[in-house]
Amino acid sequence: MIEKKELEVELEKLEELQSITQPFLRLMMEYHCAMEEIATKLRNLNLEFAQVYNRNPFETIKTRIKSPSSILEKMQRRGYDITIGNLEEKLSDIAGVRVICSFQKDIYTLADLLLQQDDVVLLERKDYIQNPKQNGYRSLHLIVEVPIFLSSGKKMRKVEIQFRTIAMDFWASLDHKLRYKKDLKNAEMVAAELRECAETICGIDVKMQGILEQIEGDEGYGCRMD
C-alpha cells in the first residue's frame, strides 16, 4: 500500500509533468512550423532551378522533429534541467532538415542561396566536407533561426540543416547502423575500414563533380582528401 507521503510526492510529480506537457507540445508545434518553413524555402529553390537551369540541385529532402525521449536523453546527458526555457536555449537540433544533393557544388550553392534570404539568420556553420570528422563523416551543417508567424505573433525558432551528397548519406547511414551494434568485435578494424570507405566515396564525389564541370563548363567545389 502506498503511504500518504509517497502518494503526495507522486501527485506533485504528476502535476509537474502536466504543467510542462502543454507548453512542450506547443513548442514542438512551433519547431515543426520552422522546419516546414525551411523545407518550403528549399523546395522553392529546387523548383526554380528545374525551370531555369533544367536541373534539380537536390534529390530528396527529409524532415524530422526530435522525439521526446531523445530530447530528454540529451538534456539529461548534458546535465540540464528539463524546462521549456532550457529546451529553447540549449538544444539547436529539435527541428532537423536533411538535404540530399547529387553534387558537392549544389550543396554550397543551396546553402548560400538559403542564407541570402533576409529572414534566415545563420547561428552556426560546420563544414565537415572540407574538414571531415576523424571517423570520415562528411556533411555541411547549418544552424539557423527562421521566423514563424502565429496568432500570438512572430517567433524565431532554430532549425538544423544537413546537406549531403547521395554518397555521403549512404556512408553515414551505414556507419550509424554498424557503429551502434552491441558487442561489436574488432571495433578498431571496422572503424579503420569505414574511414577508408569514406575516402573512397569522397573520391567518387570529386570525380562526379569533375564530370559535371566538363558537361556544364563551370568550376566546382572540391573535397579534401586526407
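Scope of the values below: all heavy atoms of this structure, side chains included, with no hydrogens, waters or symmetry mates. The first residue in the sequence is number 1, and the count goes up from there.
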Hey, any chance [X] and [Y] share a hydrophobic cluster, counting ILVMFWY side chains that come within less than 4.5 Å of each other, even indirectly?
X	Y	answer
Ile38	Met29	no
Val120	Ile148	no
Ile82	Ile84	yes
Val121	Leu114	no
Val159	Leu113	yes

Atom [atom1] in [X], atom [atom2] in [Y]: separation rounded to 0.5 Å?
X	Y	atom1	atom2	answer
Asn46	Leu110	CG	CG	7.0 Å
His32	Ile65	NE2	CD1	6.5 Å
Leu27	Ile94	CG	CD1	5.5 Å
Gln116	Asp112	CD	CG	6.5 Å
Asp205	Ser102	CG	OG	10.0 Å
Thr109	Phe163	OG1	CZ	10.5 Å

Counting only N and O atoms by type, is there a donor-acceptor contact under 3.5 Å from the side chain of [X] to the main-chain atoms of [Y]?
X	Y	value
Trp171	Leu194	yes
Asn56	Phe58	no
Ser70	Lys66	no

Looking at Tyr31, is Arg157 sitting on its ring face, NZ or CZ under 6.0 Å from the six-membered ring centre and within 45 degrees of the normal?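 Yes, cation above the ring, under 6.0 Å and within 45°.
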Taking the six-membered ring of Phe149, is NZ or CZ of Lys154 closer than 6.0 Å to its centre and within 45° of its axis?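 No.
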Audit row: Glu213, Gln209, side-chain contact (heavy atoms from CB on, under 4.5 Å) steps and yes/no: CA-CA 6 Å; Glu213 292 167 14; Gln209 182 68 52; 3.3 Å; yes
Taking only residues at least two apart or on different chains, which pairs with a member in residues 162-173 satisfy salt bridge (Lys or Arg N to Asp or Glu O under 4.0 Å)?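 For residues 162-173, and leaving out neighbouring residues, the salt bridge (Lys or Arg N to Asp or Glu O under 4.0 Å) pairs sorted by first residue read Lys62-Asp169, Arg164-Asp169.
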Just to verify, what does Ser92 make a side chain to side chain contact (heavy atoms under 4.5 Å, CB included) with, not counting sequence neighbours?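 So Ser92 forms a side chain to side chain contact (heavy atoms under 4.5 Å, CB included) with Ile143, Lys158.
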In sequence, state the C-alpha distance, the side-chain angles, and the governing distance for Lys126 and Asn131, and then conclude on side-chain contact (heavy atoms from CB on, under 4.5 Å). CA-CA 9 Å; Lys126 291 183 179 180; Asn131 300 285; over 6 Å; no
When you compare the side chain of [Y] with that of [X], does any pair of heavy atoms fall below 4.5 Å?
X	Y	value
Asp127	Tyr108	yes
Glu37	Lys41	yes
Met168	Gln104	yes
Leu87	Phe24	yes

Check step by step if salt bridge (charged side-chain N to carboxylate O under 4.0 Å, His left out) holds for Arg77 and Glu73. CA-CA 6 Å; Arg77 174 161 42 87; Glu73 185 277 330; 2.8 Å; yes
Quick check: closest heavy atoms across [X] and [Y], and the distance to 0.1 Å?
X	Y	value
Phe103	Met208	CE2-O, 3.5 Å
Asp81	Asn86	O-ND2, 2.9 Å
Ala198	Gly136	CB-O, 3.4 Å
Cys202	Arg138	SG-NE, 3.6 Å
Ile61	Ala39	CD1-CA, 3.9 Å

Derivation of the side-chain contact (heavy atoms from CB on, under 4.5 Å) call for Ile201 and Phe170: CA-CA 9 Å; Ile201 287 174; Phe170 165 74; 3.9 Å; yes
When you look at Glu88 and Lys155, which way does the salt bridge (charged side-chain N to carboxylate O under 4.0 Å, His left out) test go after all the steps? CA-CA 12 Å; Glu88 294 178 86; Lys155 289 188 177 182; over 6 Å; no
If we ignore angles and hydrogens, is there a donor and acceptor under 3.5 Å between the side chains of Ser139 and Gln162?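 No - no donor-acceptor pair under 3.5 Å links their side chains.
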Just checking Gln117: does its CD atom have more than 12 heavy atoms from other residues, nucleotides or ligands closer to it than 6.0 angstrom?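 Result for CD/Gln117: enclosed.
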Residues forming a salt bridge (charged side-chain N to carboxylate O under 4.0 Å, His left out) with Arg26, sequence neighbours excluded: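 By the salt bridge (charged side-chain N to carboxylate O under 4.0 Å, His left out) rule, Arg26 matches Glu30.
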Option from Val97, Val146, Ile161 for which side-chain contact (heavy atoms from CB on, under 4.5 Å) with Met35 holds: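 By the side-chain contact (heavy atoms from CB on, under 4.5 Å) criterion, Met35 pairs with just one of Val97, Val146, Ile161: Val97.
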Pair Asp106 + Arg55: basic N to acidic O under 4.0 Å: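 Salt bridge: yes.
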Ring-plane angle category for Tyr137 and His141, please: parallel below 30°, perpendicular beyond 60°, tilted otherwise.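 Ring orientation of Tyr137 relative to His141: perpendicular.
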Assess whether side-chain contact (heavy atoms from CB on, under 4.5 Å) is satisfied between Glu160 and Leu142, documenting all intermediate values. CA-CA 6 Å; Glu160 179 188 57; Leu142 303 179; over 6 Å; no
